[in-house]
Amino acid sequence: QVQLVESGGGLVQAGNSLRLSCAASGGTFDNYAMSWFRQAPGKDREYVAGISSYSFTTYADSVKGRFTISRDNTKKVVYLEMNSLKPEDTAVYYCAAGRVFVKVASQYDYWGQGTQVTVSS
């Protein structure tokens, strides 16, 4: 029922910033927990950041202090502002929506197609 479309990925040099957007359609967006996951080639999908329906946020230790997640319930968009990017941040970034606020990918009901983020040194 919920469709998610990520955008904003691309190639950026280390130290620069990038903002990812996830546009949602369908469902009651404001009631969903929204999270960002990422997956690098040959690696498992890992949790990056999440924001609850009431805007409580949590971050993976690897991005804490550099990334900021936010949501605009009117526009049905969730953002991931990524600052001080590192080559280690290179991955496909996925937006996910779920009924519960958790960090495990299997607990999310809806996923976007993903957007590639490549950080060069």
Side-chain angles (χ1 to χ4, degrees):
Q1 183 175 318
V2 177
Q3 182 179 3
L4 305 174
V5 180
E6 302 97 333
S7 62
L11 175 64
V12 64
Q13 291 187 345
N16 288 352
S17 299
L18 203 61
R19 187 192 70 175
L20 304 183
S21 299
C22 174
S25 61
T28 53
F29 175 80
D30 56 310
N31 290 331
Y32 284 91
M34 303 294 298
S35 292
W36 288 94
F37 291 80
R38 67 186 182 187
Q39 187 167 25
K43 300 184 66 177
D44 293 333
R45 189 167 299 186
E46 65 174 341
Y47 181 84
V48 177
I51 184 166
S52 73
S53 60
Y54 49 93
S55 296
F56 174 82
T57 60
T58 186
Y59 300 90
D61 289 339
S62 60
V63 306
K64 189 175 298 182
R66 298 189 297 121
F67 291 9
T68 301
I69 188 171
S70 61
R71 65 191 297 161
D72 186 332
N73 289 343
T74 300
K75 297 180 179 180
K76 295 185 178 181
V77 177
V78 63
Y79 303 97
L80 184 66
E81 181 71 32
M82 304 183 293
N83 300 315
S84 301
L85 283 163
K86 305 174 181 179
E88 303 90 272
D89 296 317
T90 296
V92 177
Y93 284 70
Y94 297 91
C95 177
R99 302 288 292 180
V100 292
F101 186 55
V102 293
K103 297 181 178 180
V104 58
S106 63
Q107 297 302 305
Y108 285 81
D109 301 313
Y110 306 100
W111 293 84
Q113 295 287 332
T115 185
Q116 176 71 48
V117 173
T118 302
V119 184
S120 62
S121 60

Within 45 degrees of the ring normal and closer than 6.0 Å to the centroid, is that where the cationic atom of Arg38 sits relative to Tyr47?
no

Determine whether Val92 and Val117 fall in the same hydrophobic cluster, where Ile, Leu, Val, Met, Phe, Trp and Tyr are linked whenever their side-chain heavy atoms lie under 4.5 Å apart.
no

So, for Thr115 and Leu20, which heavy atoms are closest and what is the spacing to 0.1 Å?
CG2-CD2, 4.0 Å

Closest approach of Met34 to Ala97 (non-hydrogen atoms, all atoms of both residues)
SD-CB, 3.4 Å

Is there side-chain contact between Trp36 and Cys22, with at least one heavy-atom pair below 4.5 Å?
yes

Would you confirm whether Asp72, through its side chain, and Lys75, through its main-chain N or O, come within 3.5 Å as a donor-acceptor pair?
yes

Please assess Lys103 against Ser35 for the test side-chain contact (heavy atoms from CB on, under 4.5 Å), listing each intermediate value before the final yes or no.
CA-CA 8 Å; Lys103 297 181 178 180; Ser35 292; over 6 Å; no

Walk me through whether Ser70 and Glu81 qualify under side-chain contact (heavy atoms from CB on, under 4.5 Å).
CA-CA 8 Å; Ser70 61; Glu81 181 71 32; over 6 Å; no

Regarding Arg66 and Asp89, does a basic nitrogen lie under 4.0 Å from an acidic carboxylate oxygen?
yes

Check the pair Phe67, Leu85 against side-chain contact (heavy atoms from CB on, under 4.5 Å), reporting the backbone distance first and the verdict last.
CA-CA 9 Å; Phe67 291 9; Leu85 283 163; 3.9 Å; yes

Nearest non-hydrogen partners of Ala91 and Ala40, listed with the distance:
CB-N, 3.9 Å

Flag this pair as yes if the NZ/CZ of Arg71 is under 6.0 angstrom from the six-membered ring centre of Tyr79 and inside a 45 degree cone about the axis; otherwise no.
no

Is the backbone N or O of Tyr54 less than 3.5 Å from a side-chain atom of Ser52, with the two atoms forming a donor-acceptor pair by type?
yes

Once you round to the nearest 0.5 Å, how far does OG1 of Thr68 lie from CG of Leu80?
8.0 Å

Measure the spacing between CD of Glu6 and SG of Cys95 and express it to the nearest 0.5 Å.
5.5 Å

Side chains of Ser53 and Tyr32: donor-acceptor distance under 3.5 Å anywhere?
no

Under 6.0 Å from the CD atom of Gln3, do we count more than 12 heavy atoms belonging to anything else shown?
no

CG (Asn16) and NZ (Lys86) are apart, to the nearest 0.5 Å, by 14.5 Å

Would you name the heavy atoms of Gln113 and Tyr94 that are closest together and state the gap between them?
O-CE2, 3.4 Å

Taking the six-membered ring for Trp and the single ring otherwise, decide whether the centroids of Phe56 and Phe101 are under 6.0 Å apart.
yes

Does a donor on one side chain sit under 3.5 Å from an acceptor on the other, for Asn83 and Ser17?
yes

According to a 4.5 Å side-chain heavy-atom criterion applied to Ile, Leu, Val, Met, Phe, Trp and Tyr, with indirect links allowed, do Val2 and Phe29 form part of one hydrophobic cluster?
yes

Hey, do the aromatic rings of Trp111 and Phe37 have their centres closer than 6.0 Å?
yes

Does the side chain of Tyr93 come within less than 4.5 Å of Gln39's, by heavy atoms?
no

If every non-hydrogen atom of Leu4 is compared with every non-hydrogen atom of Ala24, which pair is closest and at what distance?
CD2-CB, 3.6 Å

Correct closest heavy-atom pair for Tyr108 and Val104 would be CD1-O, 3.4 Å

Could you go through Ile69 and Val78, starting from their C-alpha distance and side-chain angles, then the distance that decides it, and tell me whether this counts as side-chain contact (heavy atoms from CB on, under 4.5 Å)?
CA-CA 7 Å; Ile69 188 171; Val78 63; 3.9 Å; yes

Working to the nearest 0.5 angstrom, can you tell me the gap between Asp109 CG and Arg99 CZ?
8.0 Å

State whether the number of non-hydrogen atoms from other residues, nucleotides or ligands found under 6.0 Å of Glu46 atom CD is greater than 12.
yes

Could you check whether any side-chain N or O of Thr90 sits under 3.5 Å from a backbone N or O of Val119, counting only pairs where one atom can act as donor and the other as acceptor?
yes

So, taking the atom named OG in Ser106 and the one named CZ in Arg45, what distance separates them when rounded to the nearest 0.5 Å?
11.0 Å

Polar contact flag, side-chain donor to acceptor under 3.5 angstrom, Gln116-Thr118
yes

